[in-house]
Each structure stands twice: as structure tokens, then as C-alpha cells.
Q: 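Below you will find the structure I want to go over with you.
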Amino acid sequence: MRSLFRTPSCSSPAVDRALLRDVSLVCLASGVVGVSFGAIAVAGGLPVWVPVVMSLVVYAGSAQFSAVGILLAGGGPAAAAATGLLLNTRTAAFSLAVADVLDGHGRLARFAGAHLVTDETAAFALAQRDPARRRAAFWISGLGLYAAWNLCVLGGALAGGALGDTDTFGLDAAFPAVLVALVLPAVREDPSTRRAALTGGAVALAATPFVPTGVPVLLALAGLLALGGRA
């Protein structure tokens, strides 16, 4: 356990205040969105157990919103599941990118780690250059986000329709606002990253009126082409 929190040389801690601060901010934003998801699902007519079990087993925010939206619109479970699978195809690439985090772990730990792979955990892990810091960032962000998301989904589901229209509180803007704040330093410092981010954002924005929710995020990967031959 001690090796999780210190680099091999023990010259610097694998967990520092900045990492914990950033993880806490993302957990807070994720929790706010989780409350919104639970409330929307139950207010739309679904029983409390549906968003709760979905969050525990599926654990994929955008896919869950899309699946619930299809169910509430009268679509069948097959269509909802297919949409969720499509939106989650991006996590396959994330899993390959952070595979080294799970090296040396047992089968149960690898299974749990695979379940925790999200946009945020991959971003936290890949931002660290040192292997020990990468492992710590992945597990701390993964476990923290999983706990925050599920607890807040349960709270939102129990509140049900009492919250009314969650859009009036601007809950949907909290999560992207925090993510933008976290990536701004990299965008400012690296022209190639900035070019890729702007290209991907433009593609996603242009596609939003014409494709289902969540698909613009996948199309934004076209911004990687702006990196050219950079490794």
C-alpha cells in the first residue's frame, strides 16, 4: 500500500494536494450531475431502483442519460442498450491507454479497474508522468467518482419530482465547466493541443443539431487529426 502513495525513489509523493483538489472538484461536479440524473429518471416515471442499479452496473453518465431518455420517450430496452453501447465505445481506447495502471494486479482488481475507466479517470492517469503517480491518480479518481456518482444518483432518485425541472438550476453546466477548468492549462501551454481541442470542439458543435446526444463527443475525436504526425 505504501508504494501506491510514493514514487519508486520516494523523492516525491505520488499523491499531492493539487491532485486531491482536482479530484474533489470533479467529484463535486459529477455528484451534481448524478442528482440531476436520478431526479430526471424518477420524475419521468421510472422506479427508484432503475437509475440506482443502472449507475452501479453501467456507470456511464452520458450513456445513462441517453438510455433513460429513450426509455422515457417510449423506446424499448434494446434501443436504449444499443445507444449506451455506442456512446461507450470511446472507453475501449481509454482502457488501452491506461492498461499499465493495472499491471501486476489480480483478476478482481483488474475487473474493478476496468469498471472505473471513464473520461475523467483516464485524463487524471494520463496527466501523470510517473508510474506511481499514474496509479494513484487512477484509483483515487476512480473510486472517488464512483462513490460520488452513485450516492448522488440515489439522493436524486429519492428526491424524485421534488426538485422540479433540474435544468432551471443549471445543473447540466456544472460538469463541463469543471472539466474545462482542468484542461485549460494544457490548452494554453501547448499549441498542438490547443489546435486539436479547437478542431474537435468545432466538429462537435457543428454536428450537435443533427446527431443523437453523445455522438458529437465521438466525432470530436476528429480533432486528433490536427496533431498531424506528432507522436
Side-chain angles (χ1 to χ4, degrees), residues 7-9 11-30 32-33 60-63 65 86-103 113 116-142 144-145 170-231:
T7 61
S9 62
S11 58
S12 61
V15 178
D16 55 28
R17 187 173 299 177
L19 174 62
L20 295 177
R21 178 201 62 209
D22 291 346
V23 170
S24 298
L25 286 173
V26 175
C27 285
L28 177 61
S30 179
V32 171
V33 179
S62 59
F65 271 104
L86 173 63
L87 296 181
N88 276 348
T89 53
R90 67 188 188 280
T91 59
F94 294 159
S95 298
L96 294 175
V98 299
D100 63 306
V101 171
L102 302 178
D103 285 347
L116 297 177
V117 173
T118 63
D119 309 58
E120 299 79 33
T121 55
F124 276 117
L126 295 176
Q128 314 300 322
R129 297 184 180 275
D130 181 83
R133 289 180 61 86
R134 189 177 298 118
R135 287 192 296 272
F138 176 83
W139 286 109
I140 290 174
S141 61
L145 284 165
L171 300 181
D172 54 334
F175 199 53
V178 171
L179 292 180
V180 168
L182 291 175
V183 302
L184 273 179
V187 173
R188 284 199 303 261
E189 295 169 5
D190 188 346
S192 297
T193 300
R194 182 163 58 249
R195 187 165 58 250
L198 291 175
T199 302
V203 171
L205 186 62
T208 296
F210 309 106
V211 298
T213 301
V215 175
V217 177
L218 298 176
L219 297 179
L221 293 173
L224 295 175
L225 298 175
L227 293 176
R230 183 183 176 188

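As the structure is a computational prediction, the values presented were derived from the model and not from experiment. As a basis for the values below, the full set of heavy atoms in this structure was taken, side chains included, without hydrogen atoms, waters or symmetry mates.
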Q: So, using side chain to side chain contact (heavy atoms under 4.5 Å, CB included) as the criterion, who are the partners of Ala204 when residues are at least two apart?
A: Pro216, Ala220
Q: Under a 4.5 Å cut-off applied to non-hydrogen side-chain atoms, are Leu145 and Val26 in contact?
A: yes
Q: Heavy atoms only: give me the nearest Cys27-Gly144 pair and the separation to one decimal.
A: SG-C, 3.5 Å
Q: Over all heavy atoms of both residues, which pair between Leu219 and Ala207 is shortest? Give the atoms and the distance, please.
A: CD1-CB, 3.5 Å
Q: What are the two closest heavy atoms between Val117 and Ser95, and how far apart are they?
A: CG1-OG, 3.9 Å
Q: Looking at residues at least two apart in the chain, or sitting in another chain, which of them share a ring-ring contact (aromatic ring centres under 6.0 Å, His included) with Phe94?
A: none
Q: Locate the shortest heavy-atom distance separating Leu20 from Ser24; write the atom from each residue and the value.
A: O-OG, 2.7 Å
Q: The criterion is side chain to side chain contact (heavy atoms under 4.5 Å, CB included); which residues satisfy it with Leu116, sequence neighbours excluded?
A: Tyr59, Phe138, Trp139, Leu143, Tyr146
Q: For the residue pair Gln128 and Arg134, what are the closest heavy atoms and their distance?
A: O-NH2, 3.0 Å
Q: I'd like to check the side chain to side chain donor-acceptor pair (under 3.5 Å) partners of Thr121; sequence neighbours left out, ordered by chain and number.
A: Thr118
Q: Specify the closest pair of heavy atoms between Ala97 and Leu126, including all atoms of both residues, with the distance to one decimal.
A: O-CD2, 3.6 Å
Q: What residues form a side chain to side chain contact (heavy atoms under 4.5 Å, CB included) with Ala127, not counting sequence neighbours?
A: none
Q: What pairs with Leu96 under side chain to side chain contact (heavy atoms under 4.5 Å, CB included), at least two apart in sequence or on another chain?
A: none
